[in-house]
Amino acid sequence: MILGAHVSAAGGLHNAIGNGEELGCDVVQIFIKNPNRWISKGHTDDAIDGFKEAWKTSSIQTVVVHDIHLTNLASPKPDVLKKSRVQFREQIQLADRLGIPYIVTHLGAHLETGEAEGLEMLSHSFNQLFEDTNDTSVSVLLETTAGQGTNLGYRFEHLRQIIDTSKYPDRLGVCLDTCHVFAAGYELRSEEAYHQTFDQFDGIIGLDRLLTFHLNDAKSEYNSRIDRHEHIGEGNLGITPFQLLVNDSRFSHTPMIIETPKMEEMHAVNLAVLRELVETG
Ligand SMILES: [Zn+2]
Ligand SMILES: [Zn+2]
């Protein structure tokens with residue numbers, strides 16, 4: 001199992017590695033830009049080298065970037081779309097310099113223009129971004145969403161469409177968030193339902209595209225289309241889906257990242273709960 005958490009990179013990117021090691025993470029997820037700003041301070045060559053050095057000498061196997069919160073690559077508003085594309089391109093280039101293979105992103109929101117139009121815009125955005133960053137080896141992981149408001153990505157079919165319409169399908173994978181799919185109406189709470197949902201995923205997207213998990217319990221209700229994370233085993237998902245996931249041999253090499261609340265106090269607790277679930281022997 002490759003287990004880890006979203007960790008803070010406050011005070012310098014290299015700190016994320018230390019924070020992850022303290023928690024015994026095999027994988028960490030980080031922001032490489034201020035998630036709430038369009039423009040953030042760049043990283044010096046020294047900072048980039050410092051991060052790479054810290055990572056190389058650590059027990060962290062994999063690092064994943066999470067996109068900033070403002071991005072809307074499906075936006076019908078020209079200014080937002082432009083800003084989204086510019087900063088996303090910068091994140092791809094920065095991730096490449098850091099040696100990070102993946103950026104996880106949500107699919108954006110159509111803002112009442114309709115899902116078909118939103119998905120088409122999103123597809124154009126990715127085609128342009130991948131063309132502009134053809135000299136990098138960074139892939140984008142499309143995250144399954146809860147489908148709050150006009151957010152896209154709450155049906156597996158949306159992700160399939162983006163892959164199908166991409167000129168660069170090799171640079172697209174998927175990140176499945178347990179809280180989001182549950183809130184979007186995919187059941188996971190029994191062994192039977194778990195297998196049904198993953199069969200559906202396999203049929204529509206293909207398990208070979210599933211390259212990362214976000215393991216979050218849900219404060220939100222089933223099919224509520226609301227995105228609220230809860231501590232592992234404490235929410236509406238309960239412990240069963242997590243027990244099944246950490247013991248599913250199909251996913252033994254797939255990074256599993258928690259994004260549960262109160263990371264400072266609670267990440268260690270949530271990771272311990274997950275490690276306890278692993279059946280040995
Ligand atoms: Zn997530
Ligand atoms: Zn979420």
Side-chain angles (χ1 to χ4, degrees), residues 2-9 16 20 23 25-33 35-36 62-74 88 91 95 100-109 122 139-156 158-159 162 172-186 188 197-198 201 205 209-238 241-242 245-246 251 254-263 266-267 270-271 274:
I2 302 175
L3 184 62
H6 185 99
V7 295
S8 166
L23 291 164
C25 292
D26 311 302
V27 55
V28 291
Q29 176 177 277
I30 57 173
F31 292 121
I32 53 175
K33 279 175 163 260
N36 300 308
T62 311
V63 179
V64 175
V65 169
H66 197 297
D67 182 20
I68 68 169
H69 299 315
L70 303 174
T71 305
N72 187 0
L73 293 169
F88 202 89
Q91 287 187 94
I100 300 175
Y102 298 130
I103 300 181
V104 173
T105 185
H106 298 194
L107 275 68
L122 184 62
S139 294
V140 168
L141 304 186
L142 306 169
E143 179 170 351
T144 59
T145 68
Q148 213 164 311
T150 66
N151 283 343
L152 301 161
Y154 64 94
R155 302 297 308 165
F156 296 156
H158 293 176
L159 287 75
I162 295 304
L172 287 168
V174 172
C175 170
L176 186 144
D177 186 307
T178 51
C179 166
H180 298 176
V181 293
F182 175 71
Y186 293 101
L188 290 167
T197 290
F198 279 101
F201 185 99
I205 300 174
R209 294 270 179 192
L210 180 43
L211 301 181
T212 297
F213 285 97
H214 284 167
L215 299 193
N216 300 307
D217 206 332
K219 205 182 191 81
S220 29
E221 305 285 332
Y222 173 72
N223 209 12
S224 62
R225 306 273 296 268
I226 291 171
D227 179 10
R228 295 274 182 281
H229 300 183
E230 184 54 282
H231 302 297
I232 304 296
E234 303 289 314
N236 289 315
L237 273 169
F242 301 103
L245 269 171
V246 299
F251 308 131
T254 311
M256 297 182 177
I257 298 162
I258 61 166
E259 297 175 313
T260 40
K262 296 188 180 156
M263 64 178 179
M266 290 301 292
H267 265 5
N270 282 303
L271 288 169
L274 287 166

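Read the numbers this way: they start at 1 and go in the same order the structure lists the ligands and their atoms. These numbers come from the heavy atoms of this one structure, side chains and all, not from hydrogens, waters or symmetry mates.
- Shown here are the protein N/O/S atoms lying under 2.8 Å from the Zn ion (ligand 1), water excluded: Glu143 OE2, Asp177 OD2, His214 ND1, Glu259 OE1.
- Annotation: Lys219, atom NZ; neighbour count of heavy atoms from other residues, nucleotides and ligands within 6.0 Å does not exceed 12.
- The one candidate from Ile103, Val104, Val28, Leu211 that meets the side chain to side chain contact (heavy atoms under 4.5 Å, CB included) condition with Val64 is Val104.
- Residue His106 forms a ring-ring contact (aromatic ring centres under 6.0 Å, His included) with just one option from His158, His214, His66, and that option is His66.
- A donor and an acceptor atom, one from each side chain of Asp67 and Gln91, are located under 3.5 Å apart.
- In terms of the side chain to side chain donor-acceptor pair (under 3.5 Å) criterion, residue partners of Asp227 (sequence neighbours excluded) are, by chain and number, His180, His229.
- Looking at Thr62, Ile257, Ile2 one by one, the single match for side chain to side chain contact (heavy atoms under 4.5 Å, CB included) with Asp26 turns out to be Ile2.
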